[in-house]
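Below, chain A is the first sequence line, B the second, and so on; all start at residue 1.
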Amino acid sequence: MIVSGPITRYNYLVPQLQELRSLNSENLAKGLCVFCIGLFKKVVIADTLAKLATAGFDTTAQLSMIEGWVTSLSYTGQIYFDFSGYTDMAIGVALMLNIKLPFNFNSPYKALNIRDFWSRWHITLTKFLTDYLYIPLGGSREGELKTYRNIMITFIISGFWHGANWTFVFWGFLHGFAMIIQRLWNKLGLEIPRLLAWFITFNFINVTWVFFRAATFTDAVRVLRGMFLPLSLIGGSVFSSLGMASIWLTIPIALISVMLLLSKQNSNSFTRNISSLNRKTYILAILVIVSVLFLNSSAPKEFIYNDF
Amino acid sequence: MTFRQFLTKSMALAVIGLLLIVLVTGSLNEFGLMGDATGLEREPISRDWERWAKYLYTYNYIPANFEGLILGPSLADNLNPALLENRRIYNASINGGNFTELRLLVENVIEHNQKVKYLIICLDPYLTKDSGRKTGFLSQRDYWSALGSVDLYRYYYDKIRNQNKGSRSYYNKYGHYDFNRYKDRQDVEKAINAALNKNRRWGTDQFRVEEQARRDLKAIVNLAHQNDIAVFAYYYPRPYEIYDQNREFYEEFHQSLDPIFNDSDYVWDFNTPEYESFTRDHSNYCDHCHLSRQGAEWMIKEIEKRLNAKLK
């Protein structure tokens, strides 16, 4: 579990291991809640969205505009629910054993700028790269140009960390570039309305995930062409191989995923605020039942981040 | 409410909910998994669900109702055992299947065997060109999926949709798949010529015998021997021109597979001069390889003759 995240420091984890206490019902209940939320995110949402994303990225040459957007948004949803589901499960199991692991996600798609995004996405990796790469390189202490250089090196290495492919490196470059643009923008002191800021940030992240997911640059460009310069608007052949039942199943799950992304609560706050236990009893039971029904199916269930 | 009560209540609710789902699906018994399946009639609803349904039938439905199994890819899937009055044979062939997948079916039938006495195996390079499961289906997990899973609800969705559209299943209770219905419209001569041209241009790489596929066939035959199940195997009749073009390969294919069988097995070849009148007559085909209704009817009767001669 610790291989992919949350990345946990020795000083944080080992003292807890040395002071292991007997199981207690509060941590068991909270841990189980977080674990079940993670399981639901993974097997219900991420694996369902994965079918759309895979179908789209496997047939990039034929994507219409709608198919291009469905493909990229599906992957944007998939990677978040897959990886945050994974870390929720790790955090939940650890909590059941009285070990508190750091939270790794904090509603990243609500970010209002790219810096905000990286303070919410894979938080432990961001901290790791900041402490062991960005700051040793000089951080922001040695003038503006060197700061930009350090940001770019950190993000390109972050891209390379995810895979030995130029598409990952380019993804890192785009994020580094966006961080530099944001720094320059902040200097101008201009404000952007919150909704517009969110819209720009989310779409930037969505577009950059295309490079992260595509097997080649050609595939990435084809998906982006489908999104922005399509040959047709609707198309219709790319997802037909999934079958109508799968497509109908995807619609409510996509809606649930949007609701979860926009919800005020996330798995961190769900356990922090454990006041209304009675209502959460039913939520937990439903999460378990639905997750088991999905888990008991034939769809592949590999975690994306196991590849990185 | 204490945390202990929260845990107990939520887990109890989850278990009760899951048990209810299993009770409902168990009572519907869509795949004949529950109780005595003798006399039941079950058929896959579509090609998409063929692997899943046929694998689930191997637990109870096939062992309880059939004495023989036909094993092959789509080439054998259109053989209709309903035409044989005195034999109860299930066509367990899988569209696009290979020997790995057929082995999984046979292993499960034999594990739950009550009545199966013989296997009829189609031998064709299509079955040996690759190995391994081609989908997520055909594993022990399928059994649990049939008791409650998203797969099961997708299956019911497709079933209800088909019924509402008034479209009938192309399968029957013997596992026969009537794909001739749409294949009949094809121009056979054109399909054969296209296949000949393709082989000329691209060679016959598609005919290679994969070692694992060979091992899977051997495992099927060995399993039959160990369980006193008679083995009938036939080399599938390809249209004469295609066989002739690739004669050298087909002979190698023979040499590779023949040693798997022993003297007690009944193995024959539909491509010998004895059957040339059949393979030269293109009305027996609906494309470059699949048999037409006429061809499939002749073939199942021919198989019956062999069964009758050996089994008495």
Side-chain angles (χ1 to χ4, degrees), chain A residues 23-33 35-37 39-40 43-45 47-48 50-51 92 95-96 240-253 271 274-302, chain B residues 1-25 45-53 55-56 104 133-162 164-165 167:
Chain A
L23 301 180
N24 74 65
S25 55
E26 180 176 350
N27 281 348
L28 269 178
K30 287 181 174 177
L32 189 66
C33 276
F35 178 85
C36 291
I37 291 169
L39 186 66
F40 182 86
V43 300
V44 179
I45 301 177
D47 288 347
T48 303
K51 288 180 186 168
L95 190 57
M96 284 193 259
S240 58
S241 61
L242 298 175
M244 282 310 292
S246 291
I247 291 170
W248 281 116
L249 183 68
T250 306
I251 292 170
I253 287 169
T271 48
I274 201 92
S275 54
S276 53
L277 278 182
N278 207 22
R279 189 169 61 92
K280 283 174 181 164
T281 306
Y282 297 102
I283 295 175
L284 185 60
I286 291 167
L287 286 182
V288 171
I289 291 170
V290 176
S291 299
V292 168
L293 294 179
F294 274 78
L295 202 57
N296 202 21
S297 299
S298 65
K301 294 168 182 72
E302 295 83 15
Chain B
M1 181 183 265
T2 65
F3 284 107
R4 189 181 290 271
Q5 287 169 328
F6 168 75
L7 268 177
T8 314
K9 193 176 169 188
S10 53
M11 288 304 103
L13 280 171
V15 170
I16 290 167
L18 289 170
L19 279 176
L20 277 173
I21 289 168
V22 171
L23 272 175
V24 172
T25 50
I45 54 166
S46 68
R47 282 176 83 163
D48 291 344
W49 295 104
E50 184 185 45
R51 280 176 170 76
W52 199 47
Y55 185 75
L56 290 170
L104 292 165
R133 287 187 303 150
K134 291 183 179 177
T135 66
F137 293 128
L138 299 173
S139 74
Q140 291 286 329
R141 175 196 286 274
D142 293 355
Y143 183 90
W144 300 106
S145 297
L147 299 178
S149 67
V150 175
D151 285 339
L152 183 68
Y153 305 133
R154 282 173 50 221
Y155 173 91
Y156 277 125
Y157 172 88
D158 282 347
K159 186 175 181 176
I160 292 165
R161 190 163 158 260
N162 287 352
N164 287 344
K165 279 167 65 182
S167 55

Gap separating the CG atom of A/Leu32 from the CG atom of B/Leu7, nearest 0.5 angstrom: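 So the CG of A/Leu32 and the CG of B/Leu7 are separated by 6.0 Å.
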
Between CZ on residue B/Phe6 and NZ on residue A/Lys30, distance to nearest 0.5 Å: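 Between atom CZ of B/Phe6 and atom NZ of A/Lys30 there are 11.0 Å.
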
Qualifying residues under ring-ring contact (aromatic ring centres under 6.0 Å, His included), relative to B/Tyr156, sequence neighbours excluded: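 Listed in chain order: nothing, the list is empty.
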
With A/Phe40 via ring-ring contact (aromatic ring centres under 6.0 Å, His included) - residues at least two apart: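 Partners of A/Phe40 under the ring-ring contact (aromatic ring centres under 6.0 Å, His included) test: none.
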
At a 4.5 Å cut-off on heavy atoms, which part of [X] comes close to chain A: side chain, backbone, both, or neither?
X: B/Leu13; value: both
X: B/Leu147; value: neither
X: B/Thr2; value: backbone

Enclosure of B/Arg133 CZ (heavy-atom neighbours >12, cutoff 6.0 Å):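 Check passes, neighbour count above 12.
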
Expected output: side-chain B/Ser145 to main-chain A/Asn296 donor-acceptor under 3.5 Å: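 Yes.
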
Side-chain (A/Ser297) to main-chain (B/Asp151) donor-acceptor, under 3.5 angstrom: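 Confirmed, A/Ser297 side chain pairs with B/Asp151 backbone.
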
Check against side-chain contact (heavy atoms from CB on, under 4.5 Å), A/Leu249 and B/Tyr153: CA-CA 10 Å; A/Leu249 183 68; B/Tyr153 305 133; over 6 Å; no

Structural part of A/Ile289 lying under 4.5 Å from a heavy atom of chain B: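 For A/Ile289, backbone and side chain are both near chain B.
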
Contact class of A/Leu28 relative to chain B, heavy atoms under 4.5 angstrom: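 Both backbone and side chain.
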
Nearest non-hydrogen partners of A/Ala29 and B/Phe3, listed with the distance: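 A/Ala29 and B/Phe3 have their closest heavy atoms at CB-CD2, 3.6 Å.
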
Pairs of heavy atoms under 4.5 Å with chain A: top-ranked of B/Ala14, B/Ala12, B/Gly136: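 Max contact count across the listed options: B/Ala14.
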
Verdict with reasoning, B/Met11 to A/Leu284, per side-chain contact (heavy atoms from CB on, under 4.5 Å): CA-CA 8 Å; B/Met11 288 304 103; A/Leu284 185 60; 4.0 Å; yes

